Amino acid sequence: MKAHLTQLLATAAKSIAPDLNADSILLDRPKSAEHGDFSTNLAMILAKSLKQNPRAIATQIIAALPTNDYITKTEIAGAGFINFFLSAQSRQMVVRDIFTAGTRYGCNTQGHDAQGKPQKVQVEFVSANPTGPLHVGHGRGAAVGDCLARLLDASGWNVTREFYYNDAGAQIDNLTISVLARCKGISTEHESFPENGYRGEYINDIAAAYLTKHTVVADDIEVTASGDINNIESIRSFAVAYLRHEQDLDLKAFQIEFDVFSLESALYSEGKVEKTVNALVASGHTYELDDALWLKTTDFGDDKDRVMRKTDGGYTYFVPDVAYHAEKWNRGFVRVINEQGADHHSTITRVRAGLQALDVGIPAGWPDYVLHQMVTVMRGGEEVKLSKRAGSYVTLRDLIEEVGVDATRYFLAARRADSQLVFDIDLARTQTNDNPVFYIQYAHARICSVLSQWAALGNGTTVPLVSADLSPLTNAHEVALMQRLSEYPETVENAATELAPHVIANYLKELASDLHSYYNEYKFLIDDEAVKIARLSLISATQQVLKNGLDLLGVAAKERM
RNA sequence: GCCCCCGUAGCUCAGUGGAUAGAGCAUCCCCCUCCUAAGGGGAGGGUCACACGUUCGAUUCGUGUCGGGGGCACCA
């Protein structure tokens, strides 16, 4: 419908301002129903170049609109807005559109290339170090990243979900000596416990499992502990495998699946780090100073150069990162989105600088980043800071166990990633309209209930809702609901473009609100067969859109509460 | 000191170069002989942190100030 109107408007505008770029024609959804179904500020935009009063231009545009069946009324309002009022029939078309598209309603082809083929995009998210259980911050990354992947999938992209394990480097050394200390029975308070060691109870669990020669399986590896406390390598590989397994369980509990797990250690063992370093040296963007190798990241906008190879011979963390991203490019991802905590934002400039230095045709702004801010967990009006297992933070699994997967996912994805988030456990647990997850799921369940009751007592009626005569749908609630349903595809498109899953969460709240209002005002299972079928058709379409939207968030569309 | 995010109702948060800045909670009032009241309707509540610019028009864009958070390692 929007496309139809834009077309009409373009035709009219061309006759008045031939030079006008058609892309600059924008149709808005007015906030108030008094302002019609659509409005445009086109006349005001043209005022300057045409040197005329916006309202006068608006009059001309309206006069030049081709005749059509969609618009029943136009008006000029305010400083020069043109408001369009749709015919009842035009408004009702969305219901049939939804039935036709079904689960695909709201999908688009933004991600297709010129040949109409889905392009490859990778979403890398969570990517926690295997040094402890996943915490709420990882949960936010998981919820946002997974929704982004779903949004991109709905937008015609060929999506790969990827988790990168930093299973090499200093933090793993730290983990290893922490476990070693526990194997030796050193308490976390004792002075000989590693100063920056990990102190959560899970370290104790790992040590105990190691000493009793347990076997752990994670993703594609299986490691059996030697139980030998003098074998540092054995402790290291066992501890990493143990925590990867733990994180797998965390992800499973959160219903997040990945297509690919990449290991930092593999980049070393396969020589890709070395290869990248050689390429960077060959590029001329490096230099030796004070027994270290530096990358001139200042050539690419950084405020100081960065060390690549430390005086001890090891590489700094961003070198494997650059190697990893060069690999992503080689794997054919035209687009990569890294979902990370904002505390790692300083890596962005370095990784991009490294990729530019390689000079292999990678675009300057590649890859994209979505950064999320911190999460504060509240219970009973007080901040929850500790978990028994992890010691220093709230684990994702604790949260899921307490409030459930649906609420956890919803709450963590329902806020803009770049603002700090307060997770209110009490709110997430309530089962009233205070809780948006419940409110939305309830709207869906109510529709299911009505439809099943109709099916149960509807002997004789064989009129399929799909082909119902929709002309009875004319009251204010029905108009509002149909309008909202017709906004869904734009909403999905916008959320994908902005990489903003919270847009979907907000939309669903409003759609649910429209449904509840309608439900409260009108009955559906009534004697008037024509009106009944039309209304059931509308709520059935609403049910579909609620389900489609909830699917994008990874939240269940329950049939019963 | 420098860099990045944020600052909107008492609280948690949406929104946006345009028409009267929205929602939920909280407070107050109202609605079940009726498909789930796990719901709905209404009232009150705002200097969109502040200042100055750009613009026909700024809460939105720019600069600065002040708050809050995060980052400034040869850690990741």
Side-chain angles (χ1 to χ4, degrees), chain A residues 28 30-32 34-35 39-41 44-45 47-48 53-54 77-81 83 127-129 131 166 168-174 196 264 289-294 302-304 306-318 320-321 340-349 371-374 376 378 381 411 414-424 427 430-436 438-439 441-443 445-454 457 477 502-503 505-507 509-510 512-513 515-526 532 535-536 539 560-561:
Chain A
D28 291 323
K31 285 174 219 154
S32 158
E34 292 167 32
H35 296 136
S39 77
T40 183
N41 62 355
M44 290 183 275
I45 301 285
K48 199 163 209 176
N53 178 323
F81 292 100
N83 296 335
S127 296
N129 291 342
T131 54
N166 289 109
Q171 295 306 322
I172 301 301
D173 294 340
N174 198 3
N196 297 314
E264 181 184 8
L289 179 71
D290 300 334
D291 292 328
L293 179 67
W294 296 69
D302 203 353
D303 50 11
K304 57 175 274 200
R306 306 290 168 176
V307 168
M308 291 171 59
R309 190 171 56 227
K310 301 179 276 186
T311 43
D312 69 4
Y315 293 114
T316 55
Y317 71 91
F318 86 92
D321 257 13
Q340 307 181 341
D343 54 343
H344 287 184
H345 83 259
S346 58
T347 64
I348 298 174
T349 312
L371 303 178
H372 64 260
Q373 297 286 330
M374 294 191 59
T376 311
M378 304 287 286
F411 275 69
R415 300 282 182 244
R416 295 178 45 179
D418 57 11
S419 61
Q420 293 164 43
L421 184 150
V422 176
F423 193 114
D424 183 340
L427 178 60
T430 60
Q431 309 206 339
T432 66
N433 66 346
D434 304 5
N435 181 344
F438 232 83
Y439 186 74
Q441 289 180 320
Y442 182 38
R446 270 186 151 172
I447 297 171
C448 292
S449 171
V450 172
L451 292 176
S452 68
Q453 284 175 59
W454 172 63
L457 52 83
H477 283 96
H502 75 278
V503 168
N506 289 327
Y507 171 85
K509 240 173 16 182
E510 290 177 341
S513 171
L515 187 278
H516 286 306
S517 293
Y518 183 36
Y519 183 96
N520 216 257
E521 187 80 19
Y522 293 95
K523 273 187 71 71
F524 308 128
L525 300 176
I526 52 177
K532 176 173 78 181
R535 288 181 180 171
L536 291 175
I539 63 168
R560 201 164 289 138
M561 302 303 289

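Naming: A, B, ... by sequence-line order, numbering from 1 per chain. None of these values were measured; they are calculated from a predicted model.
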Looking at the side chain of A/R446, which of B/U20, B/A14, B/A37 is the nearest nucleotide? B/A37

Name the nucleic acid region contacted by A/Q340, choosing base, sugar-phosphate or nothing; use a 4.0 angstrom heavy-atom cut-off, strictly under. nothing

Round to the nearest Å and state the distance from A/Y519 atom OH to B/C32 atom P. 16 Å

pair_partner(B/A43), Watson-Crick or wobble, both distances < 3.5 Å, evaluates to B/U27

Identify which nucleotide among B/A14, B/A19, B/G70 has an atom closest to any side-chain atom of A/H345, counting heavy atoms from C-beta outward. B/G70

Kindly check if the number of other-residue, nucleotide or ligand heavy atoms within 6.0 Å of CG (A/D291) is above 12? no

Whole-Å gap separating P (B/C35) and NE2 (A/H477): 18 Å

B/G1 - base-pair partner by Watson-Crick or wobble geometry, distances under 3.5 Å: B/C72

Mind telling me if B/C13 is syn or anti? Syn here is a glycosidic angle within 90° of 0. anti

Both distances under 3.5 Å, Watson-Crick or G-U wobble: report the partner of B/C48, or none. none

I need the A/Y519 OH to A/S449 OG distance, nearest 0.5 Å. 6.0 Å

Let me know, please, whether A/N41 or A/A342 comes out on the 5' side of the other along RNA chain B by nearest nucleotide. A/N41

Below the 4.0 Å mark, does B/A19 have OP1 or OP2 next to a side-chain nitrogen or oxygen of A/K31? yes

Provide, to the nearest angstrom, the distance between the CD atom belonging to A/Q420 and the P atom belonging to B/C5. 13 Å

May I have the distance from A/Q441 (atom CD) to B/G39 (atom P), rounded to whole angstrom? 13 Å

Which part of the nucleic acid, if any, lies within contact of A/Y522, taking any heavy atom under 4.0 Å across all strands shown: a base, the sugar-phosphate backbone alone, or nothing? base

Any idea which of B/A19, B/C5, B/C35 is nearest the A/Q453 side chain? B/C35

Using atom C1' in both nucleotides, what's the gap between B/A38 and B/G17 to the nearest angstrom? 41 Å

Can you find a donor-acceptor N/O pair under 3.5 angstrom joining the side chain of A/S39 to the base of B/A19? yes

Which heavy atom of A/W294 sits nearest a heavy atom of A/L289, and at what distance? NE1-O, 3.2 Å

Counterpart base for B/G22, defined by Watson-Crick or G-U wobble contacts under 3.5 Å: B/C13

Please report the closest heavy-atom contact between A/P320 and A/T316, naming both atoms and the distance. CD-O, 3.3 Å

Gap between atoms CG and P, on A/L427 and B/C25 respectively (whole Å): 10 Å

Which is true for A/M374 with a 4.0 Å heavy-atom rule: it touches a base, it touches only sugar-phosphate, or it touches nothing? sugar-phosphate

Taking the C1' atom in each of B/G10 and B/G44, what is the distance between them to the nearest angstrom? 13 Å

Is the phosphate of B/A14, meaning OP1 or OP2, less than 4.0 Å from a side-chain N or O of A/R415? no

NA contact type, A/S419, heavy-atom cut-off 4.0 Å: base, sugar-phosphate, or nothing? sugar-phosphate

Quick one: on RNA chain B, does A/V503 or A/A445 contact a more 5' nucleotide (nearest heavy atom)? A/V503

Can A/H502 be called stacked on B/A14 when the rule is centres closer than 5.5 Å and an angle between planes below 30°? no

Testing the basics here: between A/Q340 and A/T347, what is the closest heavy-atom pair and its distance to 0.1 Å? OE1-OG1, 3.8 Å

Could you work out the separation of B/A23 and B/G45 based on their P atoms and round it to a whole Å? 14 Å

Side chains of A/F81 and A/P30, heavy atoms from C-beta outward: is any pair under 4.5 Å? no

Between the CD1 atom in A/I447 and the CD1 atom in A/I539, the distance rounded to the nearest 0.5 Å is 5.5 Å

Could you tell me whether A/M44 contacts a base, only the sugar-phosphate backbone, or nothing, with contacts defined as non-hydrogen atoms closer than 4.0 Å? base

With a 4.0 Å cut-off on heavy atoms, is A/I539 in touch with a base, just the backbone sugar-phosphate, or nothing at all? nothing

How many angstroms lie between atom OG1 of A/T131 and atom CD of A/Q171, to the nearest 0.5 angstrom? 6.5 Å

Identify the two heavy atoms, one from A/A342 and one from A/Q373, that lie closest to each other, and give their separation to 0.1 Å. CB-NE2, 3.5 Å

A/F318 ring centre to A/R306 NZ or CZ under 6.0 Å, with the angle to the axis within 45°? no

Distances for protein N or O near nucleotides 73-76 of chain B N or O, under 3.5 Å:
{"from": "B/C74", "atom 1": "O2", "to": "A/T311", "atom 2": "N", "distance (Å)": "2.8"}
{"from": "B/C74", "atom 1": "O2", "to": "A/T311", "atom 2": "OG1", "distance (Å)": "3.0"}
{"from": "B/C75", "atom 1": "OP2", "to": "A/K310", "atom 2": "NZ", "distance (Å)": "2.8"}
{"from": "B/C75", "atom 1": "O2'", "to": "A/Q171", "atom 2": "NE2", "distance (Å)": "3.4"}
{"from": "B/A76", "atom 1": "OP2", "to": "A/Y317", "atom 2": "N", "distance (Å)": "2.6"}
{"from": "B/A76", "atom 1": "O3'", "to": "A/N166", "atom 2": "ND2", "distance (Å)": "3.2"}
{"from": "B/A76", "atom 1": "O2'", "to": "A/N129", "atom 2": "OD1", "distance (Å)": "3.4"}
{"from": "B/A76", "atom 1": "O2'", "to": "A/N129", "atom 2": "ND2", "distance (Å)": "3.1"}
{"from": "B/A76", "atom 1": "N6", "to": "A/Y317", "atom 2": "OH", "distance (Å)": "3.1"}
{"from": "B/A76", "atom 1": "N3", "to": "A/H344", "atom 2": "NE2", "distance (Å)": "3.3"}

Check the distance between B/C32's P and A/K523's NZ and give it to me in whole angstrom. 15 Å

Tell me what A/N174 touches on the nucleic acid: a base, only sugar-phosphate, or nothing, going by heavy atoms under 4.0 Å. nothing

Would A/F81 count as stacking on B/A19 if stacking means ring centres less than 5.5 angstrom apart and planes tilted under 30 degrees? yes

Rounded to whole angstrom units, what separation is found between the CG atom of A/L371 and the P atom of B/C3? 18 Å

Across all strands, who's sitting opposite B/C66 as a Watson-Crick or G-U wobble pair, both distances under 3.5 Å? B/G7

Whole Å only: how far is the NE2 atom of A/H516 from the P atom of B/A38? 11 Å

